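Working notes, beginning with the structure itself.
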Amino acid sequence: MATTAASSLQMATARPCISSSHRASGLSTAMLNGNFKVASWTKLSCACHISSVQSFQRCFTSSSMKLDKFVTKAMAGVSDNKPVSGLPINLKGKRAFIAGVADDNGYGWAIAKSLAAAGAEILVGTWVPALNIFESSLRRGKFDESRVLPDGSLMEITKVYPLDAVFDNPEDVPEEIKTNKRYAGSSNWTVQEAAECVKNDFGSIDVLVHSLANGPEVVKPLLETSRKGYLAAISASSYSYVSLLKHFLPIINPGGSSISLTYIASERIIPGYGGGMSSAKAALESDTRVLAFEAGRKKGIRVNTISAGPLRSRAAKAIGFIDMMIDYSSANAPLEKELSAEEVGNTAAFLASPLASAITGGVIYVDNGLNAMGVGVDSPIFENLNIPKAQH
């Protein structure tokens, strides 16, 4: 079973899950009288081009409280001669490998954009059967609109590598995969080979991102999931991260960062998220803690996972109830708004930056606060309570 890009809900079917989305990169927050001043990332400029950034606000009011989005400053280039205000994220001179990018519509793409806007060089690993379509779309400009960075330039992907993270090395690949026409013409796509190719091409990286998940029986309840389907979900969605970090660790520069994507089904019951995928996400989070210790002690590498809320990606739509999950989140989360992929991308850029130098082994929730809720406040049971609503 080939590994596919992680979906917004972190749900993957047997179909390739293709990642992506918007992004920005530096995170700087100005606080004034309890109100956060915010800038839409699409209007932000790199410091190397414009010395100041005008803030654009979007307020969400509940009772007397106002909550705005964070001011995000993308530092694609920083002048050594000009002081920079705030705490900008500057990843210039850094190189990132994002595993699980196969289109422009998901969290993997969003993370790539945020890292690029912060100045990082971008390498991606794409599921082999989706490789030709992805590279063709890049060449033909189909992703150009989605590639636009805050300074108006287009995100550049330095190199696209074929990757199937279900297989650690060539010896693991069964004959039916080797002879499968969807893999014809591609080589060096196991995890070990991909890491070796990156080493040969670039020597080292600074950021490793795992945006992969696949559950061939995700639509089945756990009690109806086969052993084969369960183990396939674990292999593609959690062990693939262990394998990636194992093989890339030797070429990650000391002080680097590794990031994965998880989902709240790891710790809460989400009906419809079956096939062993909830178990796979729980394993991923547990492995994050252990890997943080081992990689931290060995090379000073920080390891974190982002628990992202639902997103209308192509992968999530394949599950069938993503719209319902987004509506549920908007109605019940402390922040009554739809989550954007760029917000996840911005968090990844923060975690990859020196600003997060003491953060490792963590599950970082980026879900408008839904993880904090104990009940669904949109239930008729609570209709007589004076629950505040956001004033848009």
Side-chain angles (χ1 to χ4, degrees), residues 1-14 17 19 98-100 107-108 125 127 163-168 172 190-191 208-249 257-296 298 301-310 315-316 319 344 348 351 360-367 371:
M1 177 62 59
T3 306
T4 58
S7 74
S8 55
L9 255 182
Q10 314 316 327
M11 308 176 177
T13 62
C17 298
S19 346
I98 301 97
Y107 286 137
W127 188 49
L163 177 67
D164 193 329
V166 164
F167 304 106
D168 296 332
D172 291 341
T190 65
V191 177
L208 176 67
V209 178
H210 176 276
S211 181
L212 300 166
N214 188 51
E217 298 181 17
V218 66
V219 297
K220 291 184 179 181
L222 189 57
L223 284 173
E224 297 176 14
T225 300
S226 69
R227 182 183 297 270
K228 182 179 179 181
Y230 185 96
L231 294 177
I234 294 288
S235 173
S237 308
S238 54
Y239 184 77
S240 59
Y241 186 40
V242 177
S243 180
L244 273 174
L245 191 51
K246 171 185 175 181
H247 289 94
F248 276 85
L249 188 62
S257 177
S258 184
I259 302 162
S260 65
L261 290 167
T262 186
Y263 181 54
I264 199 172
S266 62
E267 54 185 293
R268 300 285 189 270
I269 300 168
I270 306 293
Y273 194 79
M277 282 301 300
S278 57
S279 305
K281 291 303 181 181
L284 180 67
E285 293 177 16
S286 178
D287 291 342
T288 294
R289 291 183 282 273
V290 178
L291 292 171
F293 174 77
E294 295 182 0
K298 191 169 185 177
I301 306 302
R302 294 174 292 106
V303 182
N304 293 287
T305 187
I306 297 173
S307 184
I319 304 304
V344 173
L351 290 172
T360 192
V363 177
I364 313 300
Y365 296 96
V366 185
D367 62 358
N371 71 91

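Bear in mind that the values here come from a model prediction, so they are computed numbers and not experimental data.
Expressed to the nearest 0.5 Å, how far CD1 of Ile98 lies from NE2 of His210 amounts to 13.5 Å. Atom CG in Leu291 sits 12.0 Å away from atom NZ in Lys246 (nearest 0.5 Å). Leu212 CG to Ser237 OG: the interatomic distance, rounded to the nearest 0.5 Å, is 8.5 Å. With values rounded to the nearest 0.5 angstrom, Ser235 atom OG is found 8.0 Å from Asp168 atom CG. Annotation: the span from Ser258 atom OG to Leu245 atom CG amounts to 4.5 Å, rounded to 0.5 Å.
At least one donor-acceptor pair closer than 3.5 Å links the side chain of Asn304 to the backbone N or O of Gly362. In this structure, Ser243 contributes its side chain and Tyr239 its backbone to no donor-acceptor pair below 3.5 Å. Formation of a donor-acceptor pair under 3.5 Å by the Ser286 side chain with backbone atoms of Ala282 is not found in this model. Listed for the Ser211 side chain is no donor-acceptor partner under 3.5 Å among the backbone atoms of Ala99. Side chain of Ser278 to backbone of Gly274: no donor-acceptor contact under 3.5 angstrom is found.
Scanning both residues, Ala236 and Val166, for their nearest heavy atoms gives CB-CG2, 3.9 Å. Contact between Ser266 and Lys281 at its shortest, heavy atoms only, is CB-C, 3.6 Å. A pairwise comparison of heavy atoms in Ser238 and Ile234 identifies OG-O, 2.7 Å as the closest pair. For the pair Ser307 and Val363, the tightest heavy-atom approach, listed with the atom from each and the gap, is CB-CG1, 3.8 Å. Across all non-hydrogen atoms, the minimal contact from Glu285 to Thr262 is OE2-OG1, 2.7 Å. The two atoms that bring Gly229 and Glu217 nearest to each other are CA-OE2, 3.5 Å, heavy atoms only.
Contact annotation: the side chain of Tyr263 approaches that of Ile270 to within less than 4.5 Å [non-hydrogen atoms, C-beta and beyond]. Residues Asp172 and Thr190 have side chains not in contact (no heavy-atom distance under 4.5 Å, counting atoms from C-beta outward). Using a 4.5 Å cut-off on side-chain heavy atoms (C-beta onward), Leu261 and Val344 make contact.
For the residue pair Tyr241 and Thr288, no side-chain donor N or O sits within less than 3.5 Å of a side-chain acceptor on the partner.
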Pair Asp164-Trp127, side chain to side chain contact (heavy atoms under 4.5 Å, CB included): steps then yes or no | CA-CA 5 Å; Asp164 193 329; Trp127 188 49; 3.5 Å; yes

After noting the C-alpha distance and the side-chain angles of Leu284 and Ser260, does the key distance pass the side chain to side chain contact (heavy atoms under 4.5 Å, CB included) rule?
-> CA-CA 8 Å; Leu284 180 67; Ser260 65; 3.9 Å; yes

Leu222/Tyr230 under side chain to side chain contact (heavy atoms under 4.5 Å, CB included): CA gap, chis, key distance, verdict = CA-CA 9 Å; Leu222 189 57; Tyr230 185 96; 4.0 Å; yes

